[in-house]
**Q** 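First, the structure itself, so that you have it in front of you.
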Amino acid sequence: MKVGILSLGCKVNTYESEFVTNKLKDAGYEIASFNDFCDVYIINTCTVTNTADVKSKKMIRNAIKKNPNAIVVAMGCFIAANQKFDIEGLDIVIGNKDKSRIVEIIEEYKKNKKQIRLDYTNTLDEFEDMAIDKFPGRTRAFVKIQDGCENFCTYCIIPYVRGKCRSKDKTTVLEEVNSLVESGYQEIVLTGIHTGNYGCDKDYDFADLLSELVKIKGLKRIRISSIEVCELNDKVLKLLKDNNIIVDHLHIPLQAGSDAVLKAMNRRYDLAYFFDKIEKIREIRPNISITTDVIVGFPTETREDFEETIKTVKALEFAKIHVFPFSLRNGTKAEEFENIVSPEEKKQRARELLAVSKELELSYFNKFIGKKEEVLIEQYKDGYSYGHTSNFLYVKIPKKLEHNTFYKTTIKEVNYPHCIGD
């Protein structure tokens, strides 16, 4: 049977979808494009924003329309948040548990031809083990080390759909990374819902895991998908100082550049703490790329708060800002707030902040003109080889270079969104 799989949302979903792909392939299913005419469609959904909800529903409907006789599977966060969602032609509905049982569940449906709905909102207590040893076509392999979140930021639905924090066993992580390195991967991305909180349910922590990972022979880069500023403790910073295997890039969500808004969001830091931590990081790694997330138009955000956010992100000199217009999630604390920001104003603030982000990106890129940087080659296309540096500069080089190899190049110019090497 031919299967098309679509993954929406975060890197955790990407990892889980890749695991599902490998499981189905090993069971004899043919993996095709989601756009193909398939016998089975799987949509790994997202619910982080209203836009994500709309896209999740649209993709489910598209699959049913494409082949009304196909087995259509919807799983993931949108389903966990909307367990009553149903539509004619939707055959299998699973949330954020039992994705590892996908083959068994599809086979059960094929046998009984009855809709399968698994409802377990309050049973996400154990880490669902998954392991991957190949990411076809990629030079960068993801490893999911953690799931769940208990921060309960007032705007966020994720703790309700992903459950409490739980961690993959350290030995299992090390075995998975070793297997990936043996398969030829030189760069590993550690990912989770609350990655830096890894080990909170164990007798070790994120720094303990990193200290073991940096010893793996053949592993050239460790990238952290995202980490909260509060998890960048002295142990993690020492590892950052002592190990160049940990890349020169950190993604640290800020969410708002105003203490008043941070408090309303229930973020666990203030601006003074954030600035102090960034200063400590740059003392260790002066040229590090620090990227961030910022939400604009939070219900309590005044124009003055937003102007303070603009000043804050400029002062922090982020290398890039991922801008998210506020999206109300039913069931979150933010529902109780009076919304003082109109949709039009929200869009305007997003446009303004995106313009600032581009300015900051260009400023960061330009620092590296004339400098020699090491690029991991990811693809060759139209006379150029493409890849990323440790600090996540996207570089294009006017020559054909071997895939999945490192190449040292001098940055000659910036042609946004690329840096041009020699």
**Q** Within a strict 4.5 Å, meaning less than it, do heavy atoms of the D129 and E176 side chains meet?
**A** no
**Q** Taking salt bridge (Lys or Arg N to Asp or Glu O under 4.0 Å) as the test, write out the residues that go with E336, two or more places apart.
**A** K333
**Q** Counting distance only, does the side-chain N/O of N391 pair as donor-acceptor with the main-chain N or O of I288 below 3.5 Å?
**A** no
**Q** So if I apply the side-chain hydrogen bond (donor to acceptor under 3.5 Å, both in side chains) rule between S327 and each of T51, N50, T49, which one comes out positive?
**A** N50
**Q** Rounded to the nearest 0.5 Å, what's the gap from CG on D205 to OH on Y198? Could you check?
**A** 9.5 Å
**Q** Between V395 and E373, is there a side-chain heavy-atom distance shorter than 4.5 Å?
**A** no
**Q** Please check: side-chain N/O of S56 versus main-chain N/O of C46, any donor-acceptor pairing under 3.5 Å?
**A** yes
**Q** Got more than 12 heavy atoms from elsewhere within 6.0 Å of CG, D26?
**A** yes
**Q** Hey, are E187 and R223 close enough for a salt bridge, meaning a charged N less than 4.0 Å from a carboxylate O?
**A** yes
**Q** Are L262 and Y269 close enough, and set up right, to give a side chain to side chain contact (heavy atoms under 4.5 Å, CB included), and what steps lead you there?
**A** CA-CA 8 Å; L262 287 173; Y269 51 84; 3.8 Å; yes
**Q** For Y364 and S289, indicate whether the former's side chain and the latter's backbone hold a donor-acceptor pair under 3.5 Å.
**A** yes
**Q** For residues 293-303, please give each side-chain donor-acceptor pair under 3.5 Å, one per line with the distance, not counting sequence neighbours.
**A**
unit_1, atom_1, unit_2, atom_2, d
D293, OD1, H251, NE2, 2.9
D293, OD2, H251, NE2, 3.3
E301, OE1, G297, N, 2.8
E301, OE1, R349, NH1, 2.8
T302, OG1, E304, N, 3.4
T302, OG1, E304, OE1, 3.4
T302, OG1, D305, N, 3.0
T302, OG1, D305, OD2, 3.1
R303, NE, E307, OE2, 3.0
R303, NH1, E345, OE2, 3.0
R303, NH1, E352, OE2, 3.3
R303, NH2, E307, OE2, 2.9
R303, NH2, E352, OE1, 2.8
R303, NH2, E352, OE2, 3.1

**Q** Quick one: CD1 on I145 to NE2 on H194, what's the gap to the nearest 0.5 Å?
**A** 11.0 Å
**Q** Return the minimal non-hydrogen interatomic distance between E128 and N96, and the atom names on each side.
**A** OE1-O, 4.0 Å
**Q** Quick one: do the T139 and H403 side chains pair a donor with an acceptor below 3.5 Å?
**A** no
**Q** Can a donor-acceptor pair be found, under 3.5 Å and without considering hydrogens, that links the side chain of S7 to the backbone of S17?
**A** no
**Q** Please say which of R162, K168, K164 ends up in a salt bridge (Lys or Arg N to Asp or Glu O under 4.0 Å) with D147.
**A** R162
**Q** Would you call the rings of F34 and Y41 parallel, tilted or perpendicular if under 30° counts as parallel and over 60° as perpendicular?
**A** perpendicular
**Q** Any heavy-atom pair between the side chains of N404 and Q186 that's under 4.5 Å?
**A** yes
**Q** Check the surroundings of atom NZ in K11: do more than 12 heavy atoms from other residues, nucleotides or ligands lie under 6.0 Å from it?
**A** no
**Q** Give me each pair satisfying salt bridge (charged side-chain N to carboxylate O under 4.0 Å, His left out) with a member in residues 389-401, each pair once, sequence neighbours excluded.
**A** none
**Q** I252 and I278: side chain to side chain contact (heavy atoms under 4.5 Å, CB included), yes or no, with the steps?
**A** CA-CA 9 Å; I252 310 171; I278 299 302; 3.9 Å; yes
**Q** May I ask you to check whether over 12 heavy atoms, not counting those of K170, lie within 6.0 Å of atom NZ?
**A** yes
**Q** Run the side-chain contact (heavy atoms from CB on, under 4.5 Å) test against K347 and tell me which residues pass, sequence neighbours left out.
**A** R351
**Q** Side chains of T309 and L254: does their closest heavy-atom pair fall under 4.5 Å?
**A** no
**Q** In terms of ring plane angle, is the pair F392 and H388 parallel, tilted or perpendicular, where the classes change at 30° and 60°?
**A** parallel
**Q** To the nearest 0.5 angstrom, please state how far the OH atom of Y204 sits from the OG atom of S167.
**A** 7.0 Å
**Q** Just by distance, do the side chain of T47 and the backbone of A81 share a donor-acceptor pair under 3.5 Å?
**A** no
**Q** I need the minimum non-hydrogen distance between L210 and I222, along with the two atoms involved.
**A** CD2-CG2, 4.2 Å
**Q** Does K280 pair with D276 as a salt bridge, N-O distance under 4.0 Å?
**A** yes
**Q** Could I get the full list of side-chain contact (heavy atoms from CB on, under 4.5 Å) partners for K241, not counting sequence neighbours?
**A** I284
**Q** Between E335 and G331 (side chain of the first, backbone of the second, donor and acceptor by atom type, cut-off under 3.5 Å), is there such a pair?
**A** yes
**Q** Would you say Y15's side chain and G192's backbone share a donor-acceptor pair under 3.5 angstrom?
**A** no
**Q** Identify whether the distance between the nearest side-chain nitrogen and carboxylate oxygen of K235 and D208 falls below 4.0 Å.
**A** yes
**Q** Is it the case that the side chains of K99 and N44 hold a donor-acceptor pair, with the cut-off being a distance below 3.5 Å and no angle test?
**A** yes
**Q** From the options F275, F274, Y273, select the one residue that forms a side-chain contact (heavy atoms from CB on, under 4.5 Å) with K277.
**A** Y273
**Q** Looking at G421, is its backbone amide N or carbonyl O close enough to the side chain of T409 to form a donor-acceptor pair, meaning the two atoms are under 3.5 Å apart?
**A** no
**Q** Look up atom NZ in K55 and atom OG1 in T45, then write down how far apart they are to the nearest 0.5 Å.
**A** 12.5 Å
**Q** Minimum heavy-atom separation for L250 to I227, with atom names?
**A** CD2-CG2, 4.4 Å
**Q** What closest approach, in Å, do P159 and F152 show between heavy atoms, and which atom pair accounts for it?
**A** CB-CE2, 3.6 Å
**Q** Main chain of I321, side chain of S357: is a donor-acceptor contact present, judged purely on distance under 3.5 Å?
**A** yes
**Q** Is a side-chain donor-acceptor pair under 3.5 Å present for S183 with D133?
**A** no
**Q** Can you name the residues that form a salt bridge (Lys or Arg N to Asp or Glu O under 4.0 Å) with E374, not counting sequence neighbours?
**A** none
**Q** How close do N243 and R285 get, counting heavy atoms only, and between which atoms?
**A** O-NH2, 2.9 Å
**Q** Is it true that atom NZ of K367 has more than 12 heavy atoms of other residues, nucleotides or ligands lying nearer than 6.0 Å?
**A** yes
**Q** With rounding to the nearest 0.5 Å, note down the distance linking OG in S179 to OH in Y185.
**A** 10.0 Å
**Q** Determine, step by step, whether R267 and E228 satisfy the salt bridge (charged side-chain N to carboxylate O under 4.0 Å, His left out) criterion, reporting the C-alpha distance in whole Å, the side-chain angles of both residues, the deciding distance to 0.1 Å, and the verdict.
**A** CA-CA 10 Å; R267 299 295 287 172; E228 294 289 337; 2.6 Å; yes
**Q** Please answer whether the main-chain N or O of N197 pairs with a side-chain N or O of Q146 as donor and acceptor at a distance below 3.5 Å.
**A** no
**Q** To the nearest 0.5 Å, tell me how far K372 NZ sits from I411 CD1.
**A** 9.5 Å
**Q** F127 ring centre to K144 NZ or CZ under 6.0 Å, with the angle to the axis within 45°?
**A** yes
**Q** Restricting to non-hydrogen atoms, name the atom on A63 and the atom on I43 that form the minimum distance, rounded to 0.1 Å.
**A** CB-CD1, 4.1 Å
